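Bear in mind the structure is a predicted one, so any value in this text is a computation, not a measurement. Proteins get letters first, then strands, A, B, ... in listed order; numbering begins at 1 in each.
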Protein chains: 2
Amino acid sequence: MNDIVNITKALADENRLKALIALRDRELCVCQIIEFLGLAGSTVSKHMSILKQAGLVKTRKQGRWIYYGLAGRNAPAPVRDALRWLLKHLNSGRISSADKKKLEKVYRTDPEVLCRIHRRK
Amino acid sequence: MNDIVNITKALADENRLKALIALRDRELCVCQIIEFLGLAGSTVSKHMSILKQAGLVKTRKQGRWIYYGLAGRNAPAPVRDALRWLLKHLNSGRISSADKKKLEKVYRTDPEVLCRIHRRK
DNA sequence: ATTATATTTCGTTATATGGCGAAATATAAG
DNA sequence: CTTATATTTCGCCATATAACGAAATATAAT
């Protein structure tokens, strides 16, 4: 029961849902997610921690960056099915064009550049 | 997007999940749900209102009682799929025996009797 | 070794949410 | 019509949670 509650609570925040959508096609590092969501780094870090705790995302380190990606095929069935539900129903038609533009910009921009921008703030 | 967020937020409470599980096999009136969850009537009413707002449950009135039931086949796909996810992964093996006993007692007891009990408190 | 940097953790604040009892409401029962 | 009753709404309180900035941390880069 607790694993299910952890999943449902992790999904109960709009920004966390958006982060999961952003990870649909590829991994992203924290500063890319920061850019996409428009939140403070500490806030994004906490949100991603909640998603990771629930098993919905995984992490890997590369260089100075930590990349977050959606949980893979070996994730528990409740996680896999929840992600399937989410991605099925949050297709492109339900995402605002503003969010789509932001996401395209994030995909296009080097993490190095984004991190430099955020360091300035 | 908002409909999805409403669903995920509605599912992000253990008592609400339990209420949905209780409704799996049959409709229940408020005082039966009160008995099962062991919460105040006003609390149960608010929880069920959230579930109804999210489209996860429907209501019908019979006599003095309002019966809550799971959303039906004509519910929107996100709702149907979310319920399918929940019921699939919250099968009997994941529910405590205490909860199972409570639920069996609730199924067995006439609403008339339960309501009288709760009126005394 | 030192410095730079991406990320996480911590502390604070504002807002949201779950729980309760009391009051209000809708309407069934007598 | 009046009374009884199941449920909902309201008001209050305690706790949880999202957001931010600053400090701490891990480790890559020099």
Side-chain angles (χ1 to χ4, degrees), chain A residues 2 5-6 8-19 27-54 57-69 106 109-121, chain B residues 2 5-6 8-19 27-54 57-69 106 109-121:
Chain A
N2 277 346
V5 176
N6 286 338
T8 60
K9 280 179 186 276
L11 295 177
D13 177 77
E14 186 168 353
N15 283 312
R16 289 203 286 275
L17 291 182
K18 287 181 176 176
E27 295 175 313
L28 294 173
C29 68
V30 176
C31 61
Q32 287 174 310
I33 300 169
I34 286 167
E35 180 70 21
F36 173 52
L37 296 180
L39 298 172
S42 56
T43 304
V44 169
S45 189
K46 194 153 84 178
H47 281 313
M48 300 314 291
S49 175
I50 289 165
L51 291 173
K52 189 175 177 185
Q53 276 291 304
V57 298
K58 62 190 176 183
T59 59
R60 72 177 178 89
K61 183 138 189 191
Q62 181 180 307
R64 281 173 287 153
W65 288 278
I66 300 200
Y67 285 87
Y68 284 81
V106 162
T109 316
D110 198 298
E112 192 87 57
V113 176
L114 286 174
C115 284
R116 199 179 304 141
I117 292 176
H118 290 135
R119 211 181 310 144
R120 291 247 171 88
K121 296 182 178 179
Chain B
N2 277 346
V5 176
N6 286 337
T8 59
K9 280 180 187 275
L11 295 178
D13 177 76
E14 185 168 353
N15 283 313
R16 289 203 286 276
L17 291 182
K18 287 182 177 177
E27 294 174 314
L28 295 173
C29 68
V30 177
C31 61
Q32 288 174 310
I33 301 169
I34 288 169
E35 180 69 19
F36 173 53
L37 296 180
L39 297 173
S42 55
T43 305
V44 169
S45 190
K46 196 155 83 176
H47 281 313
M48 300 314 291
S49 175
I50 290 165
L51 290 172
K52 189 175 176 185
Q53 276 291 304
V57 298
K58 62 191 175 184
T59 59
R60 70 178 179 89
K61 184 137 188 189
Q62 180 180 307
R64 278 172 290 154
W65 289 279
I66 300 199
Y67 284 86
Y68 283 81
V106 163
T109 317
D110 199 296
E112 191 86 61
V113 176
L114 286 174
C115 283
R116 199 181 302 141
I117 292 175
H118 291 137
R119 212 183 307 147
R120 293 250 171 88
K121 297 181 177 179

Query raised in the report: Tell me: CD of A:E35 to P of C:dA6, nearest whole Å?
Result: 14 Å

Query - Nearest-Å distance for atom pair CD1/P, residues B:I34 and D:dT7 - result: 7 Å

Query raised in the report: Under 4.0 Å: is that the gap between some side-chain N or O of B:Y68 and OP1 or OP2 of D:dT8?
Result: yes

Query raised in the report: Are any non-hydrogen side-chain atoms of A:R116 and A:E112 less than 4.5 angstrom apart?
Result: yes

Query - From C:dT7, C:dG18, D:dA19, nucleotide with atom closest to B:D13 side chain - result: C:dG18

Requested in this report: Give the nucleotide from the list D:dC20, D:dT7, D:dT17 with an atom nearest to the side chain of B:C115.
Outcome: D:dT7

Requested in this report: Report which part of the nucleic acid A:G63 touches: base, sugar-phosphate, or nothing (heavy-atom distance under 4.0 Å, all strands).
Outcome: sugar-phosphate

Report summary line: Of D:dA6, C:dT8, D:dG21, the nucleotide closest to the side chain of B:E112 is D:dA6

Requested in this report: Whole angstrom is fine here: how far is it from CD1 in B:I66 over to P in C:dT25?
Outcome: 16 Å

Requested in this report: State, with a plain yes or no, whether a side-chain heavy atom of B:I34 is found less than 4.5 Å away from one of B:H118.
Outcome: yes

Query raised in the report: Within less than 4.0 Å of OP1 or OP2 of C:dT5, is there a side-chain N or O belonging to A:R116?
Result: no

Query raised in the report: Where is the tightest heavy-atom contact between A:L51 and A:A10, given as atom of each residue plus distance?
Result: CD2-O, 3.9 Å

Query raised in the report: If only side-chain N and O atoms of A:R64 are considered, is one of them under 4.0 Å from the OP1 or OP2 phosphate oxygen of D:dA28?
Result: no

Query raised in the report: In whole Å, what is the span from the CG atom of B:L37 to the C1' atom of C:dC20?
Result: 15 Å

Query raised in the report: Which heavy atom of B:Q32 sits nearest a heavy atom of B:P111, and at what distance?
Result: NE2-CG, 4.0 Å

Query raised in the report: Starting at the 5' end of DNA chain D, which residue's closest nucleotide do you reach first, B:T59 or A:N15?
Result: B:T59

Query raised in the report: Think A:H47 has a side-chain N or O under 4.0 angstrom from the OP1 or OP2 of D:dT17?
Result: no

Query raised in the report: Is there a donor-acceptor pair closer than 3.5 Å between any side-chain N or O of B:T8 and the backbone N or O of A:L11?
Result: yes

Requested in this report: Kindly say if A:S45 contacts the phosphate of C:dT7, meaning a side-chain N or O under 4.0 Å from OP1 or OP2.
Outcome: no

Query - Nucleotide C:dG18, atom C1' - distance to CD1 of B:I50 in whole Å - result: 9 Å

Requested in this report: With DNA chain C as reference, determine whether A:S49 or A:W65 sits nearer its 5' end, using the nearest nucleotide of each.
Outcome: A:W65

Requested in this report: Select base, sugar-phosphate, or nothing to describe what B:K61 touches, counting heavy atoms under 4.0 Å on all strands.
Outcome: sugar-phosphate

Requested in this report: Send over the distance from A:K52 NZ to C:dT7 P, rounded to a whole Å.
Outcome: 13 Å

Report task. State whether the distance check finds a donor on one side and an acceptor on the other, under 3.5 Å, for side chain B:S42 versus base C:dG21. Result -> yes

Query raised in the report: Just how far, in rounded Å, is P of D:dA6 from CG of B:L28?
Result: 16 Å

Query raised in the report: Any side-chain N or O of B:T43 under 4.0 Å from OP1/OP2 of C:dG18?
Result: no

